[in-house]
Structure formats: structure tokens, C-alpha cells
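Working notes for the structure below.
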Amino acid sequence: MHEIRVDIDKNRLYFTLGMINQGDELAEIIHKVQQASYKLSRGFTCITDLRHYELAEGISENFMRLCQEALWDCAIGRVVRVKAPERRAPDFPHEHKSLVWPAYSVDSALSMEEAENLLDQPL
């Protein structure tokens, strides 16, 4: 399950990931993220809702790096990841290498409201 939407007025992408059961859904998600990003202006912000994110066994986590690269290519600004209070943030293996990735700012929040507030505040 996933949902991708934009708020043109806020110049913001909303990216929700739930349980992903099929590998072919991953390419669809990346394509939708790119298409949505093209509707926004350079430096757009993003709220990634990962409260229910889970991959079925056998599906590679590498797709998250491809999503991040697509967002970087679309000139993303800041990102806030929303996680459930009882779950720790998803552990993406590519984020732990000596090369710092993603190459954009990623903050964490425990609710959509907190994420909105973080991104609505000027840097």
C-alpha cells in the first residue's frame, strides 16, 4: 500500500508507505514519486509517512535508495520521516556507509502534525 500526493501551495510532497507485498510495486512507487515531484518547485519539502512501512520477505530495501535518488534528482529540499512511537525508524542499509546518503536533510517526527510544524518553520 502506498499513497503519493502533492500540496502545490506548500510546495510539499506527501509520501506514505505501508505494507509492500510485490516487487513490481516498487517501480510503480518510484515512477509516481518522480511524476509528483515534477509538479513542485525546486527545494520542495517532503513528509514521508513510514508508520506502517513494511516490506514482504524477499523484497529488497534497495528501492528506498532509488526513491531517494529520484527525489534528489528532482531538487528536493527538506524531508521529515514520520514513524510510529513504538517502532524505531526503518533502518536503510545504504544510509550507513561512509558516503552520507541521502544528500538532503532528513528529520524525524512521531506524528503528521509534528512533521508539518517542522517543515513550516523556516530554517
Side-chain angles (χ1 to χ4, degrees):
M1 193 254 1
H2 66 275
E3 179 185 1
I4 298 160
R5 64 183 177 86
V6 297
D7 182 326
I8 301 295
D9 294 332
K10 287 188 173 189
N11 198 34
R12 186 164 298 156
L13 174 69
Y14 295 86
F15 182 22
T16 301
L17 287 173
M19 178 63 165
I20 299 175
N21 293 306
Q22 299 175 348
D24 56 346
E25 186 178 0
L26 304 179
E28 177 186 347
I29 291 169
I30 293 169
H31 177 73
K32 286 181 178 180
V33 164
Q34 288 173 317
Q35 294 306 308
S37 297
Y38 295 147
K39 297 175 184 175
L40 299 168
S41 300
R42 182 176 192 79
F44 65 93
T45 59
C46 176
I47 295 178
T48 306
D49 183 353
L50 300 176
R51 291 176 290 181
H52 304 289
Y53 173 66
E54 204 173 328
L55 291 174
E57 190 173 326
I59 296 179
S60 171
E61 193 71 72
N62 188 48
F63 104 96
M64 188 56 78
R65 180 179 179 120
L66 297 175
C67 283
Q68 291 172 341
E69 289 173 353
L71 290 169
W72 177 252
D73 290 344
C74 292
I76 194 168
R78 295 171 53 207
V79 175
V80 174
R81 288 182 184 157
V82 180
K83 61 180 187 128
E86 69 276 4
R87 297 175 68 185
R88 65 182 188 83
D91 188 24
F92 303 125
H94 62 275
E95 292 183 355
H96 297 285
K97 296 183 179 169
S98 60
L99 173 65
V100 177
W101 191 261
Y104 48 81
S105 172
V106 179
D107 293 309
S108 293
L110 296 177
S111 70
M112 292 298 288
E113 295 80 18
E114 181 184 359
E116 291 279 357
N117 288 335
L118 284 169
L119 292 178
D120 288 344
Q121 300 298 318
L123 287 176

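From a predicted model like this one, the values you see are computed outputs, not experimental measurements.
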- Task: State plainly whether the residues K39 and D7 are in salt-bridge range, i.e. N to O under 4.0 Å.
- Result: no
Taking the side chain as everything from C-beta on, heavy atoms only, tell me whether [X] gets closer than 4.5 Å to [Y].
{"X": "L110", "Y": "K83", "result": "yes"}
{"X": "M1", "Y": "H52", "result": "no"}
{"X": "V82", "Y": "I47", "result": "yes"}
{"X": "F44", "Y": "L13", "result": "yes"}
{"X": "V80", "Y": "T48", "result": "no"}
{"X": "L71", "Y": "V33", "result": "yes"}

- Message: Show, in sequence, the C-alpha distance, side-chain angles and deciding distance for H2 and Y53, and conclude whether the side-chain contact (heavy atoms from CB on, under 4.5 Å) test is met.
- Response: CA-CA 9 Å; H2 66 275; Y53 173 66; over 6 Å; no
- Task: Identify whether Y14 and V6 are in the same connected component of the hydrophobic contact network (ILVMFWY, side-chain heavy atoms under 4.5 Å).
- Result: no
- In terms of hydrophobic clustering (I, L, V, M, F, W, Y; side-chain heavy atoms under 4.5 Å; direct or indirect links), are L50 and L118 co-clustered? no
- Message: Walk me through whether V79 and T45 qualify under side-chain contact (heavy atoms from CB on, under 4.5 Å).
- Response: CA-CA 6 Å; V79 175; T45 59; over 6 Å; no
Between [X] and [Y], which heavy-atom pair has the shortest distance, and what is it?
{"X": "N11", "Y": "S41", "answer": "OD1-N, 2.8 Å"}
{"X": "K10", "Y": "D120", "answer": "NZ-OD2, 3.8 Å"}
{"X": "C74", "Y": "Q34", "answer": "SG-O, 4.4 Å"}
{"X": "C67", "Y": "I29", "answer": "SG-CG2, 4.2 Å"}

- Query: What salt bridge (charged side-chain N to carboxylate O under 4.0 Å, His left out) pairs are there with at least one residue in residues 26-38, not counting sequence neighbours?
  - Reply: E28-K32
Rounded to the nearest 0.5 Å, what separates atom [atom1] in [X] from atom [atom2] in [Y]?
{"X": "R5", "Y": "F15", "atom1": "CZ", "atom2": "CZ", "answer": "13.5 Å"}
{"X": "I4", "Y": "T16", "atom1": "CD1", "atom2": "OG1", "answer": "8.5 Å"}
{"X": "Q68", "Y": "I30", "atom1": "CD", "atom2": "CD1", "answer": "10.5 Å"}
{"X": "L17", "Y": "R51", "atom1": "CG", "atom2": "CZ", "answer": "12.0 Å"}

- Task: Any chance you could lay out the side-chain contact (heavy atoms from CB on, under 4.5 Å) test for M112 and D49, step after step, and finish with the verdict?
- Result: CA-CA 8 Å; M112 292 298 288; D49 183 353; 4.0 Å; yes
- Item | Intermediate values then yes/no, side-chain contact (heavy atoms from CB on, under 4.5 Å), E69 and W72 | CA-CA 5 Å; E69 289 173 353; W72 177 252; 5.5 Å; no
- Scan side-chain atoms only and decide if R81 and S108 contain a donor-acceptor pair under the 3.5 Å cut-off. no
